[in-house]
Each structure stands twice: as structure tokens, then as C-alpha cells.
A.B. asks: 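Got a structure here, written out as C-alpha cells. Questions coming.
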Amino acid sequence: MLRFTRGGSLRYVHQIVEAFCTSTSRWEAADREVNMKAFVGAAALLAGAFVSQSALAQTEVKVMRVEPGDAEQAFYERVVKKYEAAHPDVNVTFEYLANEAYKTKLPTLLQSSARPDIFYSWGGQGLVEQVEAGFLKDISGMVGEGVLDRFPKAALDAYSVDGKLYGLPLYATEVVFWVNKQLTEKAGVDDTQIKTWDDLIAAVKTLKDAGVTPIVAGGQDKWPLHFYWSYLALREGGPDAVTAAMSGEGDGFGGEAFVEAGKDFQELTKLEPFQPGFMGTTYETASGMFADGKGAFHLMGDWDYLPMRGRSQSGEGLPDSQLAIMSFPVIQDPVSSGGEGATLGGINGWAVTADASDQAVDFLTFLLNEDHQREIAKEGIFIPIVKGADEALENRFFQRVAKDIAGSSYHQIFLDQYLGASVGATVNDISADLAQDATTPEEAAERVQEAWDFR
């Protein structure tokens, strides 16, 4: 392919013409003059075309995300179309990967030249490790105060390391029990009266007696099971339990609150509350199973509202009239007080890689403007983090979650992300082992502490 630069285009045309003319000695002088003029004109047009192409050379912005539902993908398509119309020199592409494939592929991509410019992030220690490895870009000076003012400080802190900003938040999430009202009513269980862990244990027994699968779980991916151990640790140890363990207070993650969390979890799992073969069931499959009415409860984030419908066999899932959400129960006699007001979830968002262009950062701020966040809220796709955008929420489940997060005493980011990749993997592993009675609560807690010591 011929390539022209602005300064060298005409010089290159003259070189083409000269080469052409020296090879046409058979022409007569008059014919040569006529044909040379014609060729100069054609070459000049060719050079002009390449100069135009060079001037309009497109900047590629690659965005990678865990695969969301169809509605969210359609939203991104609309945003990209609007941005590219206003910036014809930029080409934005989104790549979507299933949850586990994303977690597997991302670390490798970040070490290669094929890394995305922007990628979906859960923040936490994982983000810190990516910064320390030199994978991320400090965008502190690239994002104006007007943009930063849109976000709560706590949300920006989730994407900052040592006072420098490496990404921007997208939305807040809460892990809740999704409830199939038809099945609970069939079994005579009133989900609105399940307040304590003992209440949940009693409800599971009642559901089993009625021939209803109490809980659907995606055990194969392990992280859906870590929600139980993580939540129970907060309930048992209070809102400071995790941060205190990280700082080495007491016995750290081997302390009493984390051991009791394991005992509580096994009190549940010994009742066999999950569907048969739950350890061979992925998150996506479990999500669709719940939407198909295969279980009364599903402990999962609010983000599952639309995706679980798409994963159902009917493609429609449970109607809103049959659906409810329930907060994770409290512990009546915890090791330490204060954990009843804590919520578990995420402040999910986007991180920017080290080689990303200015246009990539500009697109990210465009994606997260208030108009777009209100649009996403109005459609009920997720709960936006931008200030004021939650006022557009019409979905009653998201309204409830937004209220929960706003009123929580402490919002704990998922432990498998908050503690970093290696420790997070251990948390997921011990949660799966506890669910299968393959470890004791004491051993599980010590394994997490050991992973933290050797991270």
C-alpha cells in the first residue's frame, strides 16, 4: 500500500512522474507532453486521496466488558454511534466475554500489545495490583473537574490508587436474594418475614418439605458461593472485620468472625438447599434456571434482573409480579456488633490501560455523562453511579437497591476482587469447599489468612 505524508506527497508525485517518463522513450515528444500532463493529474489526484485518508486516519478505541444483557449492549451501540458521528476520526469497538472467560483472558491481555484501551473493572486490590504492574494509565489530569463532580467521592476512590485516578465508576451493585413469590407462597413461606439467619434456615426446611428447591446456585464458578461466606463474615464481624483483618489485627482472617461465618454457611449447606448438581452449574445457567422457576431463591446481584430473563428458556423469565428481592439476613448473636447494616456488592466501572489514547479517555467521559446515565436508569438496566441519575429509576427493584446502598452503614466490595486476584481466588475456593463439606470452617479461615500473608 502507498502511504503519503502531508509534507512528502507532492515530492513523491514528482518521483512517480519522473520514473514513468524515463520508461516511455518510445513516445514522440508531443505525445509524451500530452500523456505526461494527464498522468501528473492522475497522480496528483491519487496523492490527494491518500493525503485525505491520512488526515482522517481513525484512532481505534477498544473496550472490553463482561457480557451484559441485550439491553445494555444496545445502549452501548447507541452511545458509540453518537460518539463516532461527532468524532469521525475515532472508531470504537466493544468486545464482550462471558464472566469466567473474561477473568481468565484479561490478565494475559494486559501483558500483551493486544490489550484493550478500556476494560470493565471491579476495583479493589485487583486494580491496585494492575497499577503496580504498570498496566494502567493515570488519567487524573485528563478528566476535568466538571466531569469528576458528577461522581460521589467514594466511587472515585474505588478507582484511585495513592491519590491518582486510573478509571471511572459505572454503577453500584448490591447482592440480594431474588425471590420467586409463586414458589414461596406455594410452600407457605413469607419472604417478608425472613429477617435473621435462623429465619432463612427455617424457610429452607419448609421449602424442602413442600418439594420446592430452596436455592439455585452456580457452584461451578465458585464466586456465587463466596457471597454467602463474605456476607456472613460481615454479619458476624461487623463492618470493620475485613479491613481489620487486612491490617493484621488479631488473628486476621483466621479470627473468630471468619470461622463463625464458615459454621453458619455449613449450617445451611448441610440441609442440601441447592439444586442437584449445583457444583456443575455455571452462574449463567443458574441465572436462567431461577428465571425458569427452578428454585425459590437465588443469591445474586441486582445486575441479574435483565440477564436472567434472557438466559431463561422462554427468553422472558419471571414476571415482575412474581418477583421480589430480600436483604441478606442478619445474625442474632454475632461475634461483633454493627454488621447488620452492611451491604455487599460492588462499585463497578472502567479502568484505562497505559497506552490508551486521549480519545479513549474522552469517549469514557462521554459514555458516563448524566444524559446517558439517566437513560440507563430509565430503562432499568442498572443503577447508575452519577449523581442525580438514580432519580430516573422506574424499576422498583433498583429503587429498593439504591435505597439499601444509600442507607447502609458500610458497602463492602466483593471479597474476591477487593482482596486481589490470588487471595480472592482462595476465598472462592474455600467457599466452594465449605459448600461441599470438603473443609472445616477453621481450615477455611486459615487458608484465607495464609493466602493474605503470601500474596
Side-chain angles (χ1 to χ4, degrees), residues 66 99-100 102-104 106-107 110 119-133 135-136 154-155 157-162 166-167 169 172-175 221-262 265 299 301 328 336 339 342-349 351 410-435 439 441-455:
V66 173
N99 195 290
E100 293 309 302
Y102 180 89
K103 292 176 181 176
T104 301
L106 180 63
L110 290 178
F119 65 91
Y120 185 74
S121 170
W122 291 274
Q125 188 67 19
L127 184 84
V128 174
E129 293 171 355
Q130 290 159 357
V131 170
E132 292 174 345
F135 295 149
L136 303 189
D157 288 346
Y159 289 87
S160 300
V161 178
D162 295 332
Y166 292 92
T173 63
E174 181 189 13
V175 175
D221 294 332
K222 298 182 181 180
W223 61 264
L225 297 175
H226 109 282
F227 292 154
Y228 290 90
W229 190 79
S230 300
Y231 242 134
L232 286 165
L234 290 175
R235 296 288 189 255
E236 287 282 9
D240 299 327
V242 175
T243 52
M246 292 171 71
S247 64
E249 294 182 25
D251 293 324
F253 290 102
E256 185 181 1
F258 298 96
V259 172
E260 289 301 313
F265 188 29
L299 185 63
F328 194 89
S336 298
T343 51
L344 176 73
I347 299 178
N348 299 3
Y410 178 74
H411 188 63
Q412 174 63 59
I413 294 176
F414 315 109
L415 291 190
D416 65 338
Q417 298 297 327
Y418 190 68
L419 299 178
S422 60
V423 185
T426 301
V427 170
N428 290 341
D429 287 343
I430 65 104
S431 299
D433 288 346
L434 285 166
T439 190
E442 293 81 5
E443 290 169 347
E446 285 301 328
R447 283 166 59 187
V448 177
Q449 180 58 41
E450 183 178 337
W452 180 254
D453 289 338
F454 291 97
R455 67 191 186 284

A.B. asks: Indicate yes or no: at least one non-hydrogen side-chain atom of Q130 is less than 4.5 angstrom from one of Y166.
C.D. replies: no
A.B. asks: If you define the side chain from C-beta out and look only at heavy atoms, does anything of V175 sit under 4.5 Å from F414?
C.D. replies: yes
A.B. asks: Anything under 30° is parallel, anything over 60° is perpendicular, the rest tilted; go ahead and classify Y231 against F328.
C.D. replies: parallel
A.B. asks: What is the distance from atom CG of D251 to atom CD of E249, rounded to the nearest 0.5 Å?
C.D. replies: 11.5 Å
A.B. asks: Check whether any side-chain heavy atom of L106 lies under 4.5 Å from a side-chain heavy atom of F119, and answer yes or no.
C.D. replies: yes
A.B. asks: Taking atom CZ of F265 and atom CG of L225, what is their separation to the nearest 0.5 Å?
C.D. replies: 5.0 Å
A.B. asks: Has the side chain of R235 got a donor or acceptor atom that lies under 3.5 Å from a matching backbone atom of A342?
C.D. replies: yes
A.B. asks: Could you check whether any side-chain heavy atom of Q412 comes within less than 4.5 Å of a side-chain heavy atom of V242, counting everything from C-beta outward?
C.D. replies: yes
A.B. asks: Of the non-hydrogen atoms in A245 and G252, which two are nearest, and what is the gap between them?
C.D. replies: CB-C, 3.5 Å
A.B. asks: Would you sort out whether F253 and V427 count as a side-chain contact (heavy atoms from CB on, under 4.5 Å), showing the intermediate values?
C.D. replies: CA-CA 10 Å; F253 290 102; V427 170; over 6 Å; no
A.B. asks: Which atom names give the shortest non-hydrogen contact between S230 and L344, and what distance separates them?
C.D. replies: CB-CD2, 3.9 Å
A.B. asks: Any side-chain heavy atom of L434 within less than 4.5 Å of one from Y228?
C.D. replies: no
A.B. asks: Any side-chain heavy-atom pair from K103 and D416 closer than 4.5 angstrom?
C.D. replies: yes
A.B. asks: If every non-hydrogen atom of L127 is compared with every non-hydrogen atom of A351, which pair is closest and at what distance?
C.D. replies: CD1-CB, 4.0 Å
A.B. asks: Looking at every heavy atom in both I347 and Y159, which two are closest together, and how far apart are they?
C.D. replies: O-OH, 2.7 Å
A.B. asks: Assess whether side-chain contact (heavy atoms from CB on, under 4.5 Å) is satisfied between Y418 and M246, documenting all intermediate values.
C.D. replies: CA-CA 11 Å; Y418 190 68; M246 292 171 71; 3.4 Å; yes
A.B. asks: Show, in sequence, the C-alpha distance, side-chain angles and deciding distance for Y410 and T243, and conclude whether the side-chain contact (heavy atoms from CB on, under 4.5 Å) test is met.
C.D. replies: CA-CA 11 Å; Y410 178 74; T243 52; 3.9 Å; yes
A.B. asks: Any carboxylate oxygen within less than 4.0 angstrom of a Lys/Arg side-chain nitrogen, looking at D433 and R447?
C.D. replies: yes
A.B. asks: In Å and rounded to the nearest 0.5 Å, what is the OG to CZ distance from S431 to F227?
C.D. replies: 10.0 Å
A.B. asks: Can you measure from OG1 (T343) to CG (L234) and round to the nearest 0.5 angstrom?
C.D. replies: 8.5 Å
A.B. asks: Yes or no on side-chain contact (heavy atoms from CB on, under 4.5 Å) for W229 and I430, after CA distance, side-chain angles and deciding distance?
C.D. replies: CA-CA 9 Å; W229 190 79; I430 65 104; 3.7 Å; yes
A.B. asks: With the side chain counted from C-beta on, respond yes when H226 and L415 share a heavy-atom pair under 4.5 Å apart, and no when they do not.
C.D. replies: yes
A.B. asks: Measuring from E256:CD to E236:CD, what's the distance to the nearest 0.5 Å?
C.D. replies: 8.0 Å
A.B. asks: Taking the six-membered ring for Trp, are W122 and Y102 parallel (under 30°), tilted (30 to 60°) or perpendicular (over 60°)?
C.D. replies: perpendicular
A.B. asks: For the OG1 atom of T426 and the CZ atom of R455, what is their distance to the nearest 0.5 Å?
C.D. replies: 12.0 Å
A.B. asks: Looking at G339 and P239, what are the two nearest heavy atoms and their distance?
C.D. replies: N-CD, 3.8 Å
A.B. asks: More than 12 heavy atoms of other residues, nucleotides or ligands under 6.0 Å from CD of E100: is that the case?
C.D. replies: yes
A.B. asks: Do you know which two heavy atoms are closest between V66 and Y120, and how far apart they sit?
C.D. replies: CG2-CD2, 3.8 Å
